[in-house]
Novice: 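Below: one structure in structure tokens.
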Amino acid sequence: MHVLATVDELIDHLRYLGTIPSDETDAFAELDHGLQCAALLEAAASDDVELQVAGLIHDLAHPWDEPGMPRHALMGADAVRGLLGDRIAALIAGHVPAKRYLVTVDPAYRALLSSGSIETLAAQGGELTTLETAAFEANPDWRAIVALRRADDAAKVPDAAVPPLDHWLPGLCSLGG
Ligand SMILES: [Fe+2]
């Protein structure tokens, strides 16, 4: 299991994500996708720094897994649970189930998915069953998980003007301190 035990290790890993292409496209780096996701969540949920940080790092495990495979959500959650706590870990872990949830309950959602995201849907389990849908909504934080997912799906714009990694360092230090 990969573990990022300190804020410095996490920041070093994020800087590494700035050197590799996003799973979606070579047009921007993996870190750029996280920065866009975090900026969208900062605008949508300005009082929820944990959600914003979860958006920043939700794909931190992409280098450790095949593109789009569901393991990356759990691997990322496991990597930072000890450092950033259970809620951020759960938000990261939830971004793949949230995609399955939205495909199930929102007919317009599938049309918004990128081609890469459609291709990985089957490997991620496809649509939820009725029982799985109810279980998802029984999570008291399910709306935040869905908010992260919608920001994730929107955070794929080349050359988007968003705050750089330095903007997030105080929040990372306070959450990880
Ligand atoms: Fe993502």
Side-chain angles (χ1 to χ4, degrees), residues 2 4 10-11 13-45 48-81 84 87-104 106 109-126 128 136 141-165 167-168 171-172:
H2 296 264
L4 299 170
L10 174 58
I11 292 170
H13 184 73
L14 290 171
R15 293 197 196 286
Y16 166 66
L17 295 182
T19 69
I20 61 173
S22 158
D23 269 6
E24 295 281 342
T25 171
D26 289 342
F28 49 86
E30 193 69 65
L31 175 63
D32 295 323
H33 171 60
L35 290 170
Q36 283 187 48
C37 186
L40 290 166
L41 289 166
E42 188 174 36
D48 194 344
V49 176
E50 289 186 341
L51 175 58
Q52 296 160 24
V53 166
L56 173 68
I57 64 176
H58 73 279
D59 279 335
L60 71 92
H62 267 172
W64 306 331
D65 196 8
E66 296 297 314
M69 291 297 105
R71 281 189 314 177
H72 82 272
L74 298 177
M75 293 169 81
D78 287 343
V80 298
R81 182 175 289 105
L84 299 177
R87 181 168 183 249
I88 288 179
L91 291 169
I92 294 169
H95 84 271
V96 168
K99 172 180 165 184
R100 297 179 60 203
Y101 171 77
L102 285 168
V103 165
T104 306
D106 183 353
Y109 177 77
R110 186 189 292 258
L112 296 175
L113 290 179
S114 66
S115 57
S117 212
I118 290 284
E119 283 173 20
T120 54
L121 178 63
Q124 292 167 343
L128 298 182
F136 184 89
D141 222 10
W142 73 271
R143 286 182 176 82
I145 294 171
V146 167
L148 194 159
R149 183 71 220 187
R150 290 198 183 276
D152 179 11
D153 292 317
K156 298 176 181 179
V157 179
D159 300 321
V162 297
L165 181 57
H167 173 76
W168 296 101
L172 289 172

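Ligands are counted one by one from 1 in listed order, and the atoms in each one are counted from 1 as well.
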Novice: Would you say the side-chain atoms of Asp59 and His95 include a donor-acceptor pair closer than 3.5 Å?
Specialist: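 The criterion, which ignores hydrogens and geometry beyond distance, is satisfied for His95 and Asp59.
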Novice: Do you know the tightest heavy-atom contact between Ile88 and Ile57?
Specialist: CG2-CD1, 4.3 Å
Novice: Could you tell me which N, O or S atom of His33 is nearest to the Fe ion (ligand 1)?
Specialist: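 The Fe ion (ligand 1) is closest to the His33 atom NE2, counting only N, O or S.
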Novice: Checking His58 side chain against Gly34 main chain: does a donor-acceptor pair fall under 3.5 Å?
Specialist: no
Novice: Under 2.8 Å from the Fe ion (ligand 1), is there an N/O/S atom belonging to His62?
Specialist: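 Not a single backbone or side-chain N, O or S atom of His62 is under 2.8 Å from the Fe ion (ligand 1).
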Novice: Closest to the Fe ion (ligand 1), which N/O/S atom of Asp152 is it?
Specialist: OD1
Novice: Taking backbone and side chain together, does Asp59 place any N/O/S atom at a distance below 2.8 Å from the Fe ion (ligand 1)?
Specialist: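 Under 2.8 Å: Asp59 contacts the Fe ion (ligand 1) through an N, O or S atom.
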Novice: If I compare all heavy atoms of Lys156 with all of Phe28, which pair ends up nearest, and what's the gap?
Specialist: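 Taking every non-hydrogen atom into account, CA-CZ, 3.5 Å.
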